[in-house]
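In what follows, a structure is listed as structure tokens, so that the remarks can point back to it.
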There are 2 protein chains.
Amino acid sequence: MLPRLLWAVEFIVACGEFVIVFLHTISREAMQAKWIYLPALSCSFRVDMVEVRVSPSLEEAHEELVRAFEARKMVVMVAECSVNYSGRTGSQLGNGERLIVLKEDGCVLVHRGRDYQPVNWQPSGCIFQSQVEKGTLVVKAIRPTPLESLTIVTENMHLLASFHLKDEAAFSLHATEEDMQRAILVQPDLIEAGLKIVDFEKKVAPGFVDIYALDREGNTVVIEIKKDPAGFPAIKQLSEYLKHLQPAPGRRLRPIIVAPSLAKGAQPVVAKMGIEFKQLGLQKAAEVLQSHASSDQKVLKGWLGS
Amino acid sequence: MLPRLLWAVEFIVACGEFVIVFLHTISREAMQAKWIYLPALSCSFRVDMVEVRVSPSLEEAHEELVRAFEARKMVVMVAECSVNYSGRTGSQLGNGERLIVLKEDGCVLVHRGRDYQPVNWQPSGCIFQSQVEKGTLVVKAIRPTPLESLTIVTENMHLLASFHLKDEAAFSLHATEEDMQRAILVQPDLIEAGLKIVDFEKKVAPGFVDIYALDREGNTVVIEIKKDPAGFPAIKQLSEYLKHLQPAPGRRLRPIIVAPSLAKGAQPVVAKMGIEFKQLGLQKAAEVLQSHASSDQKVLKGWLGS
DNA sequence: CGTGCCAGGTGCCAT
DNA sequence: ATGGCACTTGGCACG
């Protein structure tokens, strides 16, 4: 067993099927360091999954960072640092402890103790650099277009972990505005019986009409879909489209807003402008898509082909 | 020294001024566990900063999570998990390895190996729960309003770190749209000589006019500021305001868009609608504010007081 | 590449 | 709480 108080753990690293512990002697007279190799205990534990260093020196951290960048591993750091951003605008953040994440696709997150949003970040596609400079570790993330750079100057590293996340799973988000559109496409009578879809995402001067259709009497139906309660922006958007559309001769133009509800003051305006409102929520749209699970593929393929 | 191959490190914990290493014997016949207490090496290293567990059992992870929640510590996990979200909409994410962050203010981030954005998250103000259930660790983050819940089911925990981030530093972001507004307020001749500011963030029916002023001939100037190239949305916004404003008798209404540039098709529309365009970028605005560093305080105070 | 639009947008501040 | 709006918005689709 370890002679108590004589050795201190410098850091612990998982490597292959071994756990490596790096120890320092405490005695100042005979300072020496040792690596100890220990076999991993559990078979269910992928011991090479996470490489962890507790309170590494900045030189060690730098070396590990370079290795991680080359191996395209994700890096998580808990460090005392200051952060500087320069690009589309610029920002400065004084010294303090933060959680820093560098991902394999070249994005960066700098998180403080609070808030959902990172205080500083860089989107995917950055080039990472690490260097030790005047007793600090300087990590840079440079994004080529638009040119912007994030500089993290670390004085003190508390934790450095690097690893590769194995993650092939699919992510599915239920019920988006696009789902509402698809629900109407596969089942137009959600709006009214006899509706014939003519087009969707139809380009008109100011933008794109969500759905463009004909009712059973040949009137042109223009549908604007909102997943949230529809307010003035939706009304304005729809009315802009109307200016650039006209019905068949002798027919009417029927603007319809499809949304779970109308925003507070919107009802009178909608009425005044001759816009119809059809209630449809995400839930219902999801159910419709579910029930058409097999057939909607065909329908959408048909639309895409046309 | 440690007899090689006889002991394996289960996890390492920083606690007070000691580093605690938990060891298992490898020999199956005489399986036993030991805690070893080692004094921390470096004085500059706040050894109680980060508590780390490499590959803890789910029960241990649960206990540590509960402690961290109670102590309002930040938690970082690398774990194999599946994630379920239900609330404003819903989502499902199958099994895979992810980085999970729980912050002291009750927000959650679930990050995959790529992408700037978290695949799942929860904003601040959530209540955290942890329980071990049928061989899995279930962590829930529930947000009361709007009611939504995030459920993380972990099968395998690779790393669990908990800590409190000491971070009092100020964050300053340079050159925002607000800075452009302030630059014009302290130096109205950025727009044109003789301009007199009357009001800003003036409420009109559809929203707020950025800056409301009079030119030297008494015409009413209505300014809409954009920090990015101004497109049709900016034009629409400004033209909406115009409908609800009128100049002094015998004077004109002069709508002006202030932006670094005009979006491609916007120029003819701006011309046709009688909107003026004045080029101003974030850079220039920042310089102006810099040069007025001392005096702008007074000016802004004046505005705030009025 | 720019332009337009959606997002479980988030965040800030107003009524 | 709801509304209006900026944000280093990010992200996707499309000319």
Side-chain angles (χ1 to χ4, degrees), chain A residues 83-91 107-108 110 114-126 141 143 145-150 171-181 201 203-210 224-229 231-234 237 240 263-266 282, chain B residues 83 85-91 107-108 110 115-125 143 145-150 171 173-181 201 203-210 224-234 236-237 240-241 261-266 282:
Chain A
V83 187
N84 217 293
Y85 160 75
S86 169
R88 284 167 286 178
T89 85
S91 75
C107 67
V108 187
V110 181
R114 326 186 123 263
D115 303 329
Y116 157 77
Q117 283 198 190
V119 60
N120 277 111
W121 72 93
Q122 203 67 286
S124 317
C126 289
R143 188 189 184 195
T145 50
L147 181 59
E148 44 186 2
S149 75
L150 187 71
F171 175 74
S172 66
L173 178 67
H174 321 125
T176 63
E177 184 173 308
E178 194 185 337
D179 284 331
M180 290 175 66
Q181 189 183 43
E201 296 301 329
K203 177 95 180 78
V204 297
F208 297 85
V209 171
D210 284 340
E224 176 64 31
I225 304 172
K226 290 293 163 200
K227 76 172 179 59
D228 293 314
F232 291 98
Q237 201 175 335
E240 284 301 317
K264 212 183 44 161
L282 291 172
Chain B
V83 186
Y85 160 74
S86 170
R88 284 168 286 176
T89 82
S91 75
C107 67
V108 187
V110 180
D115 302 331
Y116 158 77
Q117 285 195 178
V119 60
N120 277 112
W121 71 91
Q122 203 67 287
S124 317
R143 187 189 184 195
T145 51
L147 181 59
E148 44 185 3
S149 75
L150 188 70
F171 175 73
L173 177 68
H174 320 121
T176 63
E177 187 174 305
E178 194 185 338
D179 285 332
M180 290 175 66
Q181 190 183 42
E201 295 301 331
K203 177 94 181 78
V204 297
F208 298 86
V209 171
D210 283 341
E224 175 64 30
I225 304 171
K226 291 290 162 202
K227 77 170 179 61
D228 293 315
F232 290 96
K236 249 184 272 180
Q237 200 176 332
E240 285 301 318
Y241 295 155
S261 67
L262 280 178
K264 210 182 46 151
L282 289 173

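A note on names: the letters A, B, ... follow the listed sequences, proteins ahead of strands, and every chain is numbered from 1. Quick caveat, the model's predicted, so the values are computed rather than measured. Atoms considered below: every heavy atom in the structure, side chains included; atoms not considered: hydrogens, waters and symmetry mates.
Comparing the C1' positions of D/dC7 and D/dG11 gives a spacing of 14 Å, expressed to the nearest Å. Straight-line distance between the P atoms of D/dT8 and C/dC5: roughly 22 Å, to the nearest whole Å. For D/dC5 and D/dT9, the C1' atoms lie 12 Å apart once the distance is rounded to whole Å.
Contacts of A/G87 with the nucleic acid, taken as non-hydrogen atoms under 4.0 Å apart, are absent.
Under 4.0 angstrom from either OP1 or OP2 of C/dC6 there lies at least one side-chain N or O belonging to A/K226.
Scored by the side chain to side chain donor-acceptor pair (under 3.5 Å) test, B/E177 finds no partners at all (sequence neighbours excluded). With sequence neighbours excluded, the residues that form a side-chain contact (heavy atoms from CB on, under 4.5 Å) with B/S261 are B/P229. Every residue was checked against the side-chain contact (heavy atoms from CB on, under 4.5 Å) condition with A/Q117, not counting sequence neighbours, and none meets it. Residues satisfying the side chain to side chain donor-acceptor pair (under 3.5 Å) test with B/D210, not counting sequence neighbours, are none. Applying the side chain to side chain donor-acceptor pair (under 3.5 Å) criterion to A/S91, with sequence neighbours excluded, gives A/N120. Residues that satisfy the side-chain contact (heavy atoms from CB on, under 4.5 Å) test with B/T145, not counting sequence neighbours, are absent from this structure. Residues forming a side chain to side chain donor-acceptor pair (under 3.5 Å) with A/E178 (at least two apart in sequence, or on another chain): none.
Taking every nucleotide of DNA chain D with any atom under 4.0 Å from a non-hydrogen atom of chain B, the first and last of them, 5' to 3', are D/dG4 to D/dG11.
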Practice item. For A/R88 and A/R143, run side chain to side chain contact (heavy atoms under 4.5 Å, CB included): C-alpha distance rounded to whole Å, both residues' side-chain angles, the deciding distance at 0.1 Å, then the answer. Key: CA-CA 11 Å; A/R88 284 167 286 178; A/R143 188 189 184 195; 3.5 Å; yes
Point to revise | nucleotides 7-15 of chain C: protein proximity per nucleotide (B base, S sugar-phosphate only, - neither; heavy atom, under 4.0 Å) | key: SBSSS----
